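Just so we're clear, the structure is a prediction, and the values are computed from it rather than from any experiment. Only this structure's heavy atoms are used, side chains among them; waters, hydrogens and symmetry mates stay out.
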Amino acid sequence: MVGLIFDSLRDPGTPVAARRQAPGAATAARPPAPAPGREAGTVRFESVSKTYRSAAGPVQALDRVDLAIPAGAIFGIIGRSGAGKSSLLRTVNRLEAPTSGRVLVDGAPIDALDTDGLVALRRRIGMIFQHFNLLAAKTVRQNVALPLTVAGVPRRDIGPRVAEALRLVGLEDKADTYPSRLSGGQKQRVGIARALVSDPEILLCDEATSALDPETTLAILDLLRDINRRLGITIILITHEMSVIREICSDVVVLEGGRVVETGPVWRVFGAPEHPTTRALLEPLTRGLPSDLAARLQPQPAPGGWAILRITCSGQAAPDLSGLAEAGAPVRLLQAGIERIQGRAVGRMLVAVPAEDPAEDPSTEARLRALGDVERVGYVPADAAVG
Amino acid sequence: MSPQMIERLWQAFLDTALMVGVSAGIAVLAGIPLALFLVTSGPGGIFPAPTANRVVGTVVNGFRAVPFIVLLVALIPFTRLVAGTTIGVWAAIVPLSVSATPFFARIAEVSLREVDAGLIEAAQSIGCRRRHILAHVLLPEALPGIVAGFTITVVAMIGASAMAGAVGAGGLGDVAIRYGYQRFDTTVMVVVIAILIALVCVVQFAGDTAVRRLRAR
Ligand SMILES: Nc1ncnc2c1ncn2[C@@H]1O[C@H](COP(=O)(O)OP(=O)(O)OP(=O)(O)O)[C@@H](O)[C@H]1O
Ligand SMILES: [Mg+2]
């Protein structure tokens with residue numbers, strides 16, 4: 001199956017095919033690092049700015065964005081509505097031209113491309129959309145075939161490649177259906193097949209799962225991850241769902257007001273968000289102090305009360321709990337959310353220790369510090385029902 | 001009714017069908033490119049040419065503003081130039097086409113404009129050139145609306161062709177005026193009206209069926 005995909009999706013003689021792994025290595029869990037000097041599947045933004053002229057005056061959507069997206073990454077773009085995410089993504093296939101700055105795809109600037117160059121570029125970059133954007137007047141098969149049809153691929157080659165792309169997304173049996181008869185998830189699969197049929201190096205996804213239910217979202221994410229691993233395609237995706245980023249992305253960039261405010265591997269950005277915007281965006285994922293404790297929180301310790309400590313784990317090894325067992329004083333676990341992102345333990349624990357203790361007995365705090373960054377949230381009185 | 005009258009009515013029916021058929025064909029051949037131009041040459045279109053767009057739009061509006069009966073007369077010199085005569089079926093086809101083309105173009109334009117911009121974007125993203133967008137996106141996606149608009153156009157042209165008959169173009173309108181009106185032959189008048197109603201119904205039914213088929217997918 002994998003071999004078949006490679007054989008049929010490959011366009012012999014193109015640099016893309018040369019970049020692909022051998023079929024045998026294709027099931028490796030991680031996409032291949034590009035060979036040194038090769039830049040296929042990379043995108044670089046160099047001081048990209050974009051100003052729209054609208055009736056209400058100019059709108060600066062992007063403000064000197066510098067960003068490098070490595071080959072084989074699943075790169076997430078997050079930010080509030082209007083932060084410039086779509087604008088940034090759309091400069092990659094030049095649906096939007098930057099006002100200043102350069103975008104480099106595979107190491108080559110795309111700003112000076114003529115029509116032929118642009119068409120060739122777009123054939124190497126697939127794109128899927130929130131509302132699928134399938135042609136209602138064409139069957140699934142014709143929709144998926146369109147990129148090949150307009151590229152002048154001989155008819156006898158189109159059939160097998162379309163069939164293979166449909167097999168990849170699991171829609172072989174819907175080939176002759178019209179899109180209006182498909183569910184949202186199926187429509188997005190057609191969108192993915194259409195984006196992949198011309199064997200792109202890069203796949204752009206603008207809120208591709210926003211119109212789907214949670215279960216279908218997971219299925220589509222699985223498919224995207226699968227595509228990334230098997231075909232080594234760089235995926236750049238925009239989403240408002242932080243869980244999507246956590247689920248499949250390797251790296252993430254946070255935009256605010258058209259600027260990059262934070263970027264890095266997901267485990268780091270999600271484990272220790274630095275910028276207020278990132279924190280605000282991650283708010284739904286991070287549970288705060290339980291309300292009963294929050295209501296009784298006070299800045300000073302009360303006799304017999306408890307100190308509330310927040311331990312943040314951002315990318316170390318999984319926390320070793322045996323250290324806690326050795327602590328002389330009780331350490332109460334109030335709330336914990338530790339997740340494994342890209343093989344690293346990321347999350348927060350909320351613990352309570354006797355109020356006098358952390359100050360007087362540095363060993364407890366020292367032991368807690370072995371778990372992660374320790375931060376004192378405050379104190380609650382003895383009757384706060386902690387222990 | 002005499003056999004001659006039946007024969008005359010039949011001939012008139014054929015004349016009307018010919019006038020409307022040929023003019024409708026011309027309206028499609030000229031109107032669709034015109035509609036595509038109006039849609040794609042506007043600001044933000046795929047062939048932006050705002051000045052030409054405004055000029056053509058104004059000319060189209062001009063033709064649409066002139067009542068058909070006035071156009072019929074105003075175009076006589078042009079008709080003579082094109083058809084070589086100003087009476088008869090072929091002479092009537094000139095003003096009929098000239099009037100139907102802008103009408104149909106505006107109706108087709110509405111359907112073309114309704115094609116989701118996201119589809120054009122998706123087409124661009126897969127490497128479609130502008131001509132591919134016309135052929136694979138704009139026209140096929142707007143087709144049901146264009147067919148519905150064509151039906152409206154043909155029905156309007158059947159009415160207009162009867163008017164043309166009044167100024168010597170032949171066809172059902174001509175018979176109705178000459179026999180039904182000027183010679184007070186009520187039977188002929190009623191029969192002509194019945195034929196026109198039937199013709200309109202058939203055209204409308206065919207158009208509706210085609211649209212339903214196109215939309216069913
Ligand atoms: N074609 C346009 N003309 C004028 N202004 C635009 C245009 N497209 C986007 N903008 C403006 O640019 C800014 C960034 O828009 P963009 O669509 O990139 O945001 P986004 O981060 O994708 O938002 P969302 O999450 O809502 O999709 C917004 O202020 C928006 O109003
Ligand atoms: Mg957007």
Under a 4.5 Å cutoff for heavy-atom pairs, which residue among A:Ala136, A:Pro179, A:Ala120, A:Ala195 has the most contacts with chain B? A:Ala136
Pick whichever of A:Ile125, A:Thr139, A:Thr149, A:Leu134 has the most heavy-atom pairs under 4.5 Å with chain B. A:Leu134
Cut-off 4.5 Å, heavy atoms of chain B, and the answer for A:Leu135 is both
Interface residue of largest heavy-atom contact number with chain B, from A:His131, A:Arg90, A:Met127, under 4.5 Å: A:Arg90
Is chain B contacted by the side chain of A:Ala151, its backbone, both, or neither, given a heavy-atom distance below 4.5 Å? neither
Backbone N or O of B:Ser125 within a donor-acceptor pair of the A:Asn93 side chain at under 3.5 Å? no
Relative to chain B, which segment of A:Leu121 carries a heavy atom at a distance below 4.5 Å: side chain, backbone, both, or neither? neither
Quick one: does B:Arg129's side chain get under 4.5 Å of A:Thr115's, heavy atoms only? yes
Has B:Glu141 got a side-chain atom pairing as donor or acceptor with A:Ala137's backbone, closer than 3.5 angstrom? yes
Could you tell me which non-hydrogen atom of B:Gly118 sits nearest to which non-hydrogen atom of A:Asn133, and how far apart they are? O-ND2, 3.0 Å
Do B:Ile126 and A:Arg123 make a side-chain contact, defined as non-hydrogen atoms from C-beta onward lying under 4.5 Å apart? no
Turns out that what part of A:Arg94 lies under 4.5 Å from chain B's heavy atoms comes down to neither
Flag yes if more than 12 heavy atoms outside B:Ile69 fall under 6.0 Å of its CD1 atom; otherwise flag no. yes
Might you confirm whether atom CZ of B:Phe47 has over 12 heavy atoms from other residues, nucleotides or ligands at distances under 6.0 Å? yes
Would you say A:Tyr52 has more than 12 foreign heavy atoms packed within less than 6.0 Å of its OH? yes
Distance, nearest 0.5 Å, that separates CZ of A:Phe132 from CG of B:Leu119: 12.5 Å
Greatest number of heavy atom pairs closer than 4.5 Å to chain A - which of B:Pro140, B:Gly127, B:Pro144, B:Ala135: B:Gly127
Would a 4.5 Å heavy-atom cut-off, applied to side chains only, mark A:Lys138 and B:His136 as touching? yes
